[in-house]
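The block underneath contains the structure these notes are about, expressed in structure tokens.
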Amino acid sequence: MHILVTGGAGYIGSHTVVQLLHAGYEVIIVDNFSNSKPESIKRIQELAGKSVTFYEVDLLDTEALEKVFKAHTLEAVIHFAGLKAVGESVSIPIKYYHNNITGTLVLCELMKKYQVKKMVFSSSATVYGMHNVSPLTEDLPLSTTNPYGSTKMMIEQILQDIHVSDPSFSIALLRYFNPIGAHASGRIGEDPNGIPNNLMPYITQVAIGKREKLSIYGNDYNTHDGTGVRDYIHVEDLANGHLKALEKVITSPGIDAYNLGTGKGVSVLDVVHNFEKATGVTIPYTITPRRPGDIATCYADPSKALSALGWKAKKSLEDMCRDSWRWQTNNPNGYDV
Ligand code: NAD
Ligand code: WQD
């Protein structure tokens with residue numbers, strides 16, 4: 001069965017492709033390397049012991065993407081490709097709307113034309129906006145606080161509308177919480193450009209001596225230790241959620257949203273302490289003012305993914321810390337070899 005994976009060279013895509021190959025799927029990756037490197041494709045194949053078909057194509061390039069649809073009989077699409085930096089999306093919203101929304105529209109148009117009607121889409125817990133009462137369930141009203149989040153909310157709406165127009169489409173909207181960790185081999189992982197925006201890559205860069213200390217954005221939230229609480233999920237568990245969602249869209253039509261999280265709220269200080277315990281490395285930190293747009297608490301109710309997809313996160317916070325650290329130490333410069 002041939003599965004098209006957009007953004008398959010990226011952080012979550014690469015882990016998912018390795019699992020797809022192990023499960024026996026034939027994988028076709030489309031990526032423009034705007035936030036990834038060809039080296040990741042090489043390592044995906046090395047880990048899986050199998051090859052993938054790869055096209056360096058931008059989703060905005062209809063003609064180039066159509067060649068991919070012409071060349072393969074596709075069963076389904078897993079759609080990761082998108083820009084994802086929240087702060088950057090505030091500075092350059094047009095680029096974010098164009099890349100994420102137009103890219104998705106081009107993809108959907110070709111899916112319709114070539115009768116490929118099954119999709120697993122990378123949405124985000126960001127669509128719950130400033131909703132500050134966790135656990136979060138899929139039926140809550142959606143809202144957003146930045147252009148990146150708005151692209152996810154709008155794409156969910158677009159996919160809903162496509163399904164209304166043609167109910168034979170089958171779509172899973174996966175709302176990821178906070179993915180961290182890396183493949184246990186230390187060969188693939190998250191490779192941020194420049195100063196990391198997210199907590200775990202920042203911690204690993206402090207641990208390896210690239211950054212002096214971690215800034216903890218506020219310790220006066222209404223949480224058990226005053227620091228922000230999130231639902232960190234191992235990227236391998238997250239990747240497995242895509243295989244479960246793929247089975248679902250292949251076997252039954254419909255459109256549904258699923259939270260992919262552990263259901264456990266963990267504070268910034270909990271992450272720091274767990275990282276220190278798992279790795280033996282001390283993380284110097286300072287408390288700084290809150291980051292604009294952050295909320296106190298955000299964690300999933302993941303029970304729908306369990307009942308509808310048979311999926312549950314299995315890995316511990318210690319696993320996440322250990323695997324993030326292995327990736328960082330084995331690849332101090334990411335995929336730049
Ligand atoms: P990533 O940046 O590592 O991967 C995205 C990939 O898409 C990259 O390889 C990039 O080069 C590619 N891409 C972007 N625009 C493209 C285009 N127009 N044409 C072709 N390729 C393009 O990000 P990730 O962390 O793996 O995230 C994957 C998806 O999951 C994204 O849609 C992201 O918004 C979503 N998501 C991520 C997180 C997170 O914290 N990492 C959380 C929730 C949702
Ligand atoms: C986690 C916690 C920070 C960095 C973001 C996106 C979200 C989704 C996942 C894509 C918060 C604190 C962080 C630092 C810190 N991505 N922190 N010092 O903000 O929960 O979610 O990534 O869809 O849309 O918004 O993740 O890792 O940035 O922050 O104290 O240097 O760590 O305040 O409490 P966030 P994060």
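Since the structure is predicted, the reported quantities are computational estimates derived from the model, not experimental observations. The residues of the chain are indexed from 1 along the displayed sequence.
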What pair of heavy atoms forms the shortest contact from [X] to [Y], and how long is it?
X    : Y    : answer
G8   : V17  : O-CG2, 4.2 Å
M119 : V249 : O-CG1, 3.7 Å
V127 : T144 : CA-CG2, 4.4 Å
N330 : S185 : ND2-O, 4.0 Å
I12  : V235 : CA-CG2, 4.1 Å
V57  : V30  : O-CG1, 3.5 Å

Pairs touching residues 318-337 that satisfy ring-ring contact (aromatic ring centres under 6.0 Å, His included), sequence neighbours left out: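 Residue pairs with at least one partner in residues 318-337: F275-W325, W327-Y335.
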
ring-ring contact (aromatic ring centres under 6.0 Å, His included): pairs with one or both residues in residues 35-74, sequence neighbours excluded: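 Output for this query lists F33-F54, Y55-H72, F69-Y114.
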
Under 3.5 Å, is there a donor-acceptor pair between the side chain of [X] and the main chain of [Y]?
X    : Y    : result
N331 : G186 : yes
N274 : D270 : yes
Q19  : N240 : yes
E276 : I283 : yes
N100 : L83  : yes
D237 : H234 : no
N178 : R230 : no
N259 : A300 : no
N333 : D336 : no
Y11  : I180 : yes

Where at least one partner belongs to residues 156-184, residue pairs that pass salt bridge (charged side-chain N to carboxylate O under 4.0 Å, His left out), sequence neighbours excluded: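 Sorted result for residues 156-184: K112-D166, K117-D166, E156-R175.
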
Pairs satisfying salt bridge (charged side-chain N to carboxylate O under 4.0 Å, His left out), at least one member in residues 299-313, at least two apart: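 Sorted result for residues 299-313: D256-K304.
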
Could you work out, with side-chain hydrogen bond (donor to acceptor under 3.5 Å, both in side chains) as the rule, every residue matching [X], not counting sequence neighbours?
X    : answer
D225 : T227, S267
S89  : none
T126 : none
N222 : none

Stepwise side chain to side chain donor-acceptor pair (under 3.5 Å) test for S122 and Y176: CA-CA 7 Å; S122 299; Y176 313 156; 2.7 Å; yes

Before accepting this row, confirm whether a basic side-chain N of the pair [X]/[Y] lies closer than 4.0 Å to the acidic partner's carboxylate O.
X    : Y    : answer
K277 : E318 : yes
K37  : E56  : no
K113 : E66  : yes

Validation row: [X], [Y] side chains within 4.5 angstrom (heavy atoms):
X    : Y    : answer
V52  : I41  : yes
P141 : H131 : no
V106 : L65  : yes
K50  : Q45  : no
C298 : V229 : no

Exercise: do [X] and [Y] side chains pair donor with acceptor under 3.5 Å:
X    : Y    : result
H183 : D323 : no
E88  : Y96  : yes
D191 : S36  : no
N219 : R290 : no
T297 : T223 : no

Matching residue for C108 among I162, V77, I171 - test: side chain to side chain contact (heavy atoms under 4.5 Å, CB included):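 Single side chain to side chain contact (heavy atoms under 4.5 Å, CB included) partner of C108 among I162, V77, I171: I162.
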
Going by atom type alone, with no hydrogens or angles, which donor-acceptor pairs under 3.5 Å involve a side-chain atom of residues 209-217 and a protein atom two or more places apart or on another chain?
residue, atom, partner, partner atom, Å
K210, NZ, P332, O, 2.8
R211, NE, Q205, OE1, 2.8
R211, NH2, Q205, OE1, 3.1

Check: F169 ring centre within less than 6.0 Å of H163 ring centre: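 Not under 6.0 Å, so no.
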
Aromatic contact, F80 with H242 (centres under 6.0 Å):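 Aromatic pair counts; centres sit under 6.0 Å.
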
If you round to the nearest 0.5 Å, how far is [atom2] of [Y] from [atom1] of [X]?
X    : Y    : atom1 : atom2 : value
T262 : D231 : OG1   : CG    : 3.5 Å
L140 : Y128 : CG    : OH    : 6.5 Å
L238 : K315 : CG    : NZ    : 13.0 Å

So if you build clusters from Ile, Leu, Val, Met, Phe, Trp, Tyr with side-chain heavy-atom gaps below 4.5 Å, do [X] and [Y] land together?
X    : Y    : value
V27  : F121 : no
L243 : L47  : yes
I101 : I255 : yes

Neighbour count >12 (heavy atoms, 6.0 Å) for atom CD, E109: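 Atom CD in E109 is not packed in, count stays at 12 or less.
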
Residues, nucleotides or ligands: over 12 heavy atoms within 6.0 Å of H98 NE2: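 For H98, atom NE2 is not crowded (no more than 12 foreign heavy atoms under 6.0 Å).
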
By side-chain contact (heavy atoms from CB on, under 4.5 Å) - contacts of K42 (at least two apart):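 Residues passing side-chain contact (heavy atoms from CB on, under 4.5 Å) with K42: E39.
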
Partner set under side-chain contact (heavy atoms from CB on, under 4.5 Å) for K248, not counting sequence neighbours: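 With neighbours one apart ignored, the set is S252, Y258, L309.
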
Hydrophobic cluster (4.5 angstrom, side-chain heavy atoms) - remaining members for L60: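 Its cluster mates, by chain and number: none.
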
